[in-house]
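Predicted, not measured: the structure shown is a model, and the values here were computed from it. All values below come from the heavy atoms of this structure, side chains included, with hydrogens, waters and symmetry mates left out.
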Amino acid sequence: PDYVRVRRDWTVDRALGHIRRYGHNAETVDWVFVIDPEGRLIDDIHIRALLLAEPESLINDLMDDEFIALFAADDREEAVRMMHRYDRTALPVVDKLGLLVGIVTADDVADVAEEEFTEDVQKLGGMEALATPYMTTKVMSMFHKRGGWLAMLLILQTLTITIMGFFEDQINKALVLAV
């Protein structure tokens, strides 16, 4: 919830003063979010644009009225996808009314991406995390999470034994013929 927001009718000088005053508590000041009087997000501006603009220019003059935002109800994986797709260090989060409720930063997304990757690797290896301690997990739950992998391993083991048996028979026949 810690981000820098400004109004479209402010001058760049006033916005920079606001950032100096309140930016210490912000998660990041890479992006400055422009809101209307009701608190709805109307644009986002990279700090570079503010720093390079003339002090008497209006924020409105820097706006392009295009922004990318996450919805508060979006899945965590959507934040990872959007951060990657748009190469952003911070994304605003809005509610269904368009009110700016917070931001998601790159470090937040990196944590989520790591968790999701770990979960995916565990599922791939048949080691999906259990919701309860191992000794109290119900048999059907355990079977559901690990049964597919165990069945596949049993089939592969049977196939391996059959192939090895075939070659063992061939070697034994070759040895009998050689004697």
Side-chain angles (χ1 to χ4, degrees), residues 1-133 137 141 144-146 148-149:
D2 301 323
Y3 52 90
V4 178
R5 56 191 168 262
V6 297
R7 302 290 174 97
R8 73 180 326 147
D9 58 340
W10 290 5
T11 63
V12 168
D13 190 43
R14 179 176 178 187
L16 290 173
H18 181 78
I19 294 168
R20 281 187 207 96
R21 196 166 319 123
Y22 298 104
H24 299 287
N25 298 328
E27 181 94 18
T28 182
V29 292
D30 293 354
W31 290 92
V32 177
F33 303 99
V34 184
I35 58 170
D36 67 10
E38 288 79 36
R40 285 189 296 270
L41 179 66
I42 54 176
D43 207 351
D44 55 4
I45 301 174
H46 195 276
I47 190 69
R48 180 185 314 124
L50 285 172
L51 294 174
L52 298 176
E54 294 297 322
E56 61 279 349
S57 299
L58 292 177
I59 295 296
N60 193 55
D61 298 336
L62 303 177
M63 292 173 46
D64 60 5
D65 295 319
E66 293 180 18
F67 61 90
I68 301 154
L70 291 166
F71 289 99
D74 282 347
D75 186 63
R76 300 178 338 161
E77 290 180 359
E78 181 62 20
V80 174
R81 281 190 290 275
M82 285 185 69
M83 191 75 72
H84 176 72
R85 184 180 316 133
Y86 296 107
D87 196 27
R88 298 280 301 259
T89 55
L91 286 171
V93 179
V94 296
D95 66 7
K96 61 184 177 185
L97 300 174
L99 298 174
L100 183 60
V101 295
I103 63 170
V104 175
T105 59
D107 60 326
D108 299 328
V109 168
D111 293 341
V112 170
E114 182 180 354
E115 287 175 26
E116 295 296 330
F117 177 74
T118 301
E119 183 181 308
D120 291 346
V121 168
Q122 287 175 339
K123 284 181 181 177
L124 184 64
M127 295 299 298
E128 185 177 350
L130 299 171
T132 58
T137 301
S141 176
H144 175 70
K145 291 186 185 265
R146 295 194 170 69
W149 281 102

Task: Any L16 side-chain heavy atom under 4.5 Å of R20 side chain - done: yes
Task: D74 (side chain) donor-acceptor with F71 (main chain) under 3.5 angstrom - done: yes
Task: salt bridge (Lys or Arg N to Asp or Glu O under 4.0 Å) against E27, all qualifying residues, sequence neighbours excluded - done: none
TODO: Could you give me the CA-CA distance, side-chain angles and deciding distance for W31 and T89, then say whether side-chain contact (heavy atoms from CB on, under 4.5 Å) is met?
DONE: CA-CA 8 Å; W31 290 92; T89 55; 3.5 Å; yes
Task: OG1 on T28 to CZ on R88, rounded to 0.5 Å - done: 10.5 Å
Task: Minimal non-hydrogen separation, V4 against G23, with atom names - done: CG2-CA, 4.1 Å
Task: Residue pair M82 / V104, side-chain heavy-atom distance below 4.5 Å - done: no
Open item on the list: Check this for me: E115, atom CD, are more than 12 non-hydrogen atoms of other residues, nucleotides or ligands nearer than 6.0 Å?
Closed with: yes
Open item on the list: If you compare all heavy atoms of L62 against all heavy atoms of A53, which two are closest, and at what distance to 0.1 Å?
Closed with: CD2-CB, 3.9 Å
TODO: Taking the side chain as every heavy atom from C-beta outward, state whether I47 and I19 have any pair of such atoms under 4.5 Å apart.
DONE: yes
Task: Test applied, side chain to side chain contact (heavy atoms under 4.5 Å, CB included); reference residue, D95; option that passes from L100, L41, V101 - done: V101
Task: Sequence-distant partners of R40, side chain to side chain donor-acceptor pair (under 3.5 Å), two or more places apart - done: D36, E38
Open item on the list: Would R7 and I59 count as a side-chain contact (heavy atoms from CB on, under 4.5 Å) here? Give the steps.
Closed with: CA-CA 7 Å; R7 302 290 174 97; I59 295 296; over 6 Å; no
Open item on the list: Counting only heavy atoms not in F67 (residues, nucleotides, ligands), do more than 12 fall under 6.0 Å from its CZ?
Closed with: yes
Open item on the list: Testing the 3.5 Å rule here: is there a donor-acceptor pair between the side chains of D13 and T11?
Closed with: no
Open item on the list: Give me the atom names and distance for the closest heavy-atom approach of A79 to L91.
Closed with: O-CD1, 4.3 Å
Open item on the list: Please give me the minimum heavy-atom distance between R5 and W10, naming the atom from each residue.
Closed with: O-CZ3, 4.3 Å
- [ ] Hey, could you give me each pair passing side-chain hydrogen bond (donor to acceptor under 3.5 Å, both in side chains) that has a residue in residues 54-71? Not counting sequence neighbours.
- [x] R8-N60
Open item on the list: Using the rule given for side-chain contact (heavy atoms from CB on, under 4.5 Å), can you reason through V6 versus L50, listing the C-alpha separation, both sets of side-chain angles and the distance that settles it, and then say yes or no?
Closed with: CA-CA 11 Å; V6 297; L50 285 172; 5.9 Å; no
Open item on the list: Can you confirm whether more than 12 heavy atoms, excluding those of D9, are under 6.0 Å from its CG atom?
Closed with: yes
- [ ] Count the heavy atoms belonging to other residues, nucleotides or ligands that lie under 6.0 Å from CZ of R48, then report whether that count exceeds 12.
- [x] no
Open item on the list: Just to verify, which of L70, V109, T105 counts as forming a side chain to side chain contact (heavy atoms under 4.5 Å, CB included) with M83?
Closed with: V109
